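Here the structure is laid out as C-alpha cells; the discussion comes afterwards.
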Amino acid sequence: MQAKSPVLVDIKSKPEAIAEALKTAFPDRGSINLGDPQNRDRNLGGIDYALLWRPDPDLFRRAPNLKVIFSGGAGVDHIVAMEGLPEVPIVRFADRSLTVRMSEWVVMQCLMHLRGVKVHEKHQREKFWGAPTAPEAAEVTVGMMGLGVLGQDAAAKLRAMGFNVIGWSRRAKAIEGMETFDAAGLDAFLARTDILVGLLPLTPETTGIYDRRLFGKLRSGGALGKPVFINAGRGKSQVQADLVEALEKGILGGASLDVFEVEPLPADDPLWRQENVVITPHDAAVSDEYALFRHVETQIARFERGDPLQYVVDRKTGY
Ligand code: NDP
Ligand code: OXD
C-alpha cells in the first residue's frame with residue numbers, strides 16, 4: 001500500500017503551540033512543519049496537502065504537486081493573492097470554537113458601545129460619579145455586513161441580547177427573525193443602521209468598502225446619537241484615513257476594531273488616540289490549533305473517500 005502523504009504545515013503564528021499540537025495530529029500520515037528549522041531545505045515535491053496561514057511566498061514552487069490547500073483561518077485573502085497558486089481546491093476554516101469566539105467579541109463590542117463603557121472608564125479614572133443613561137438594546141439597530149458562518153451566529157446572539165438586527169450580504173437571504181438586504185439594498189440597509197458590524201471577507205469588491213461615503217450613509221440621531229463602526233473582518237476593507245476623519249468630525253460616535261490596514265497597527269497611527277475607539281490586536285477569534293487539525297483531518301478523509309470537500313472557496317468571488 002502506498003504511504004499516505006504527510007500534511008505540510010506553514011502557519012506564521014503561535015509557533016510553539018503549533019509544534020506542540022502537531023505532536024499528536026495526523027497520526028496516520030504525520031506532518032512537515034515548516035516552522036521547524038530542520039525542514040527548511042526539505043524536498044516537498046511529493047506532498048499532497050498543505051495547511052497555510054500567511055505562508056512563505058515560494059511555497060507553491062517548493063510544493064508543486066498539492067491536491068488540496070487548507071487555510072489556517074476563515075479568511076483566505078492571504079492565499080488567493082499568492083503567486084503560483086495552483087488550480088486545486090482551497091478549503092477555509094469553519095469551526096464551532098472560532099464562531100463562538102467571534103460572536104463573543106461582537107456581542108461584547110456592541111454592549112460596550114450601548115452601555116458607554118469607555119465613558120464609564122474615563123469617569124472612573126477621574127473618580128467622577130457620572131451616570132449617563134443607556135438606551136435599551138431593542139432601541140438600537142445593528143447592521144451586520146456579511147451573513148456567512150460568523151455573521152449569522154453573531155446576529156443570532158445579538159438578537160438574543162435584545163438588539164434589533166438587520167443584515168446585508170451579496171446574495172439575498174431569508175433568515176428567520178431578521179430583515180436582510182442584498183448587494184443592491186446597501187443604502188437602505190445603511191440608513192437603518194446604528195451600529196455597523198463588518199464581518200466580510202477581503203476580496204477586490206470589499207477592499208476599501210468602509211469609506212467616507214459609507215460612514216455618511218449610516219443612521220444619525222438614533223438611540224445612540226451617532227452611529228458606531230465595528231470591524232472584525234479585514235482591515236483592508238476599511239479606509240483608515242476616512243475612518244479617523246469620520247470619528248474626528250463626529251460623523252461616527254465610536255468604533256471597535258480588531259483588524260487594520262497595516263498589522264500590527266503602527267505606534268504613530270492616529271487611531272490609537274481616538275477617545276471612543278476600542279482596539280484589539282486581531283484576536284477576536286483566533287483559530288484553535290487542535291480544532292484546526294481535526295478539521296483538516298476530516299476534510300482529507302472526505303477527499304480520499306471521494307466525498308465532496310466542505311467550505312471550498314469560490315475562486316471567482318474570492319471567498
Ligand atoms: P463566509 O464566507 O461564511 O461569509 C462571508 C459573508 O460575506 C457572506 O454572507 C457573503 O455573502 C458576504 N460577502 C462577501 N463578499 C460580499 C460582497 N462583495 N458584498 C456583500 N456581501 C459579501 O465567511 P465567515 O463568516 O466565515 O468569515 C468572514 C470573515 O471574517 C473572514 O473572511 C475573515 O476575513 C474574517 N475573520 C476574522 C477573524 C478575526 O479574528 N478578526 C477570525 C475569523 C474570520 P453571501 O452570503 O451572499 O455569499
Ligand atoms: C481568520 C482570522 O481569518 O483569524 O481566521 O483572521
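When a ligand or atom number is given, it counts from 1 through the structure's own listing order. Just so we're clear, the structure is a prediction, and the values are computed from it rather than from any experiment. If you read the sequence from its start, that first residue is 1, and numbering goes on from there.
Taking only nitrogen or oxygen atoms, main chain and side chain alike, Val286 does not reach within less than 3.5 Å of ligand 1. At least one N or O atom of Gly148, backbone or side chain, sits closer than 3.5 Å to an N or O atom of ligand 1. Polar contact check, Val259 against ligand 1: no nitrogen or oxygen pair lies under 3.5 Å apart. Between Leu98 and ligand 2, no pair of N/O atoms sits closer than 3.5 Å. Looking at ligand 2, you won't find any N or O of Ser287 less than 3.5 Å from one of its N or O atoms. Not a single N or O atom of Gly146, backbone or side chain, sits closer than 3.5 Å to an N or O atom of ligand 1. Taking only nitrogen or oxygen atoms, main chain and side chain alike, Ala285 reaches within less than 3.5 Å of ligand 1. Of the polar atoms of Glu205, at least one N or O is found under 3.5 Å from an N or O of ligand 1, judged by distance alone. Here's the thing with Arg234: one of its N/O atoms is less than 3.5 angstrom from an N/O atom of ligand 1. Taking only nitrogen or oxygen atoms, main chain and side chain alike, His282 reaches within less than 3.5 Å of ligand 2.
Closest to atom 44 (C) of ligand 1 by heavy atom, among Val76, Leu150, Asn231, Thr280, is Leu150. Counting only non-hydrogen atoms, the option in Pro201, Ser237, Pro204, Ala183 that gets closest to atom 7 (O) of ligand 1 is Pro201.
Residue Ala285 approaches ligand 2 through these ligand atoms, each under 4.0 Å from one of its heavy atoms: 4 (O). Of all the atoms in ligand 2, the ones that sit under 4.0 Å from a non-hydrogen atom of Arg234 are 1 (C), 2 (C), 3 (O), 6 (O). Set against the non-hydrogen atoms of Leu199, the atoms of ligand 1 under 4.0 Å away are 28 (C). Of all the atoms in ligand 1, the ones that sit under 4.0 Å from a non-hydrogen atom of His282 are 39 (C), 40 (O), 41 (N). Of all atoms in ligand 1, listed by their number and element, those nearer than 4.0 Å to a heavy atom of Ala232 are 35 (C), 36 (N), 37 (C), 38 (C), 39 (C), 41 (N). Residue Ala74 has at least one heavy-atom neighbour below 4.0 Å for each of these atoms of ligand 2: 1 (C), 3 (O), 5 (O). The ligand atoms of ligand 1 that sit less than 4.0 angstrom from a heavy atom of Met102 are 37 (C), 38 (C), 39 (C), 41 (N), 42 (C).
Using a 4.5 Å cut-off on side-chain heavy atoms (C-beta onward), Leu52 and Phe70 make no contact. In this structure, the side chains of Phe93 and Tyr311 stay at 4.5 Å or more apart for every pair of heavy atoms.
Counting only distance, with no hydrogens or angles, the side chain of Asp56 and the backbone of Leu59 share no donor-acceptor pair below 3.5 Å. No donor-acceptor pair closer than 3.5 Å links the side chain of Glu261 to the backbone N or O of Lys236. Looking only at distances, a side-chain donor or acceptor of Glu263 sits under 3.5 Å from a matching main-chain atom of Phe260. Asp58 places no side-chain N or O within 3.5 Å of a backbone atom of Arg61 that could act as its donor or acceptor partner. The backbone N or O of Ser287 lies less than 3.5 Å from a partner atom in the side chain of Lys14, making a donor-acceptor pair. Counting only distance, with no hydrogens or angles, the side chain of Asp153 and the backbone of Ala156 share no donor-acceptor pair below 3.5 Å. Of the possible polar contacts, none joining the Trp105 side chain to the Ala232 backbone as a donor-acceptor pair under 3.5 Å is found. In this structure, Gln274 contributes its side chain and Val244 its backbone to no donor-acceptor pair below 3.5 Å.
At a heavy-atom distance under 4.0 Å, atoms from both the backbone and the side chain of Arg170 approach ligand 1. Heavy atoms of Thr206 found under 4.0 angstrom from ligand 1 belong exclusively to the side chain. Contacts between Asp258 and ligand 1, counted as non-hydrogen atom pairs separated by less than 4.0 Å, involve the side chain only. The side chain of Lys173, and not its backbone, has at least one atom closer than 4.0 Å to an atom of ligand 1 (non-hydrogen atoms only; side chain from C-beta on).
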Practice item. Start with the C-alpha gap between Asp258 and Thr280, add the side-chain angles, then the distance that decides, and say whether side chain to side chain donor-acceptor pair (under 3.5 Å) holds. Key: CA-CA 5 Å; Asp258 185 56; Thr280 56; 2.7 Å; yes
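Contact record, Val7 with Arg29: CG2-CD, 3.7 Å, taken as the closest heavy-atom pair.
Checked for salt-bridge contact, Lys4 and Asp28 meet the test: a charged N lies under 4.0 Å from a carboxylate O. Between Arg192 and Glu179 there is a salt bridge, since a side-chain N of the basic residue sits under 4.0 Å from a carboxylate O of the acidic one. With respect to the salt-bridge test (charged N to carboxylate O, under 4.0 angstrom), the residues Arg234 and Asp77 qualify. Taking the charged nitrogens against the carboxylate oxygens, Lys118 and Glu275 have no contact shorter than 4.0 Å, which rules out a salt bridge.
Residue contacts with ligand 1 do not include Gln152, since none of its heavy atoms lies under 4.0 Å from the ligand. Residue Gly233 places a heavy atom less than 4.0 Å from ligand 1. Contact between Trp168 and ligand 1 is present, with at least one heavy atom of the residue lying under 4.0 Å from the ligand. Heavy-atom distances between Arg92 and ligand 2 stay at or above 4.0 Å for every pair. Using a non-hydrogen distance threshold of 4.0 Å, Gly72 does not register as a contact of ligand 2.
Nearest to atom 9 (O) of ligand 1 among the protein's heavy atoms is Leu147 N, 2.8 Å. Closest protein heavy atom to atom 15 (N) of ligand 1: Tyr319 CE2, 3.6 Å. For atom 1 (P) of ligand 1, the closest non-hydrogen atom on the protein side is Arg92 NH2, 3.3 Å. Counting protein heavy atoms only, atom 12 (C) of ligand 1 is closest to Leu200 CD2, 3.8 Å. Regarding atom 47 (O) of ligand 1, its nearest protein heavy-atom neighbour is Arg171 N, 2.8 Å.
Ring to ring, Trp53 and His78 are close: their centroids are under 6.0 angstrom apart. Close placement of the Phe26 and Phe293 rings is indicated, their centers lying within 6.0 Å of each other.
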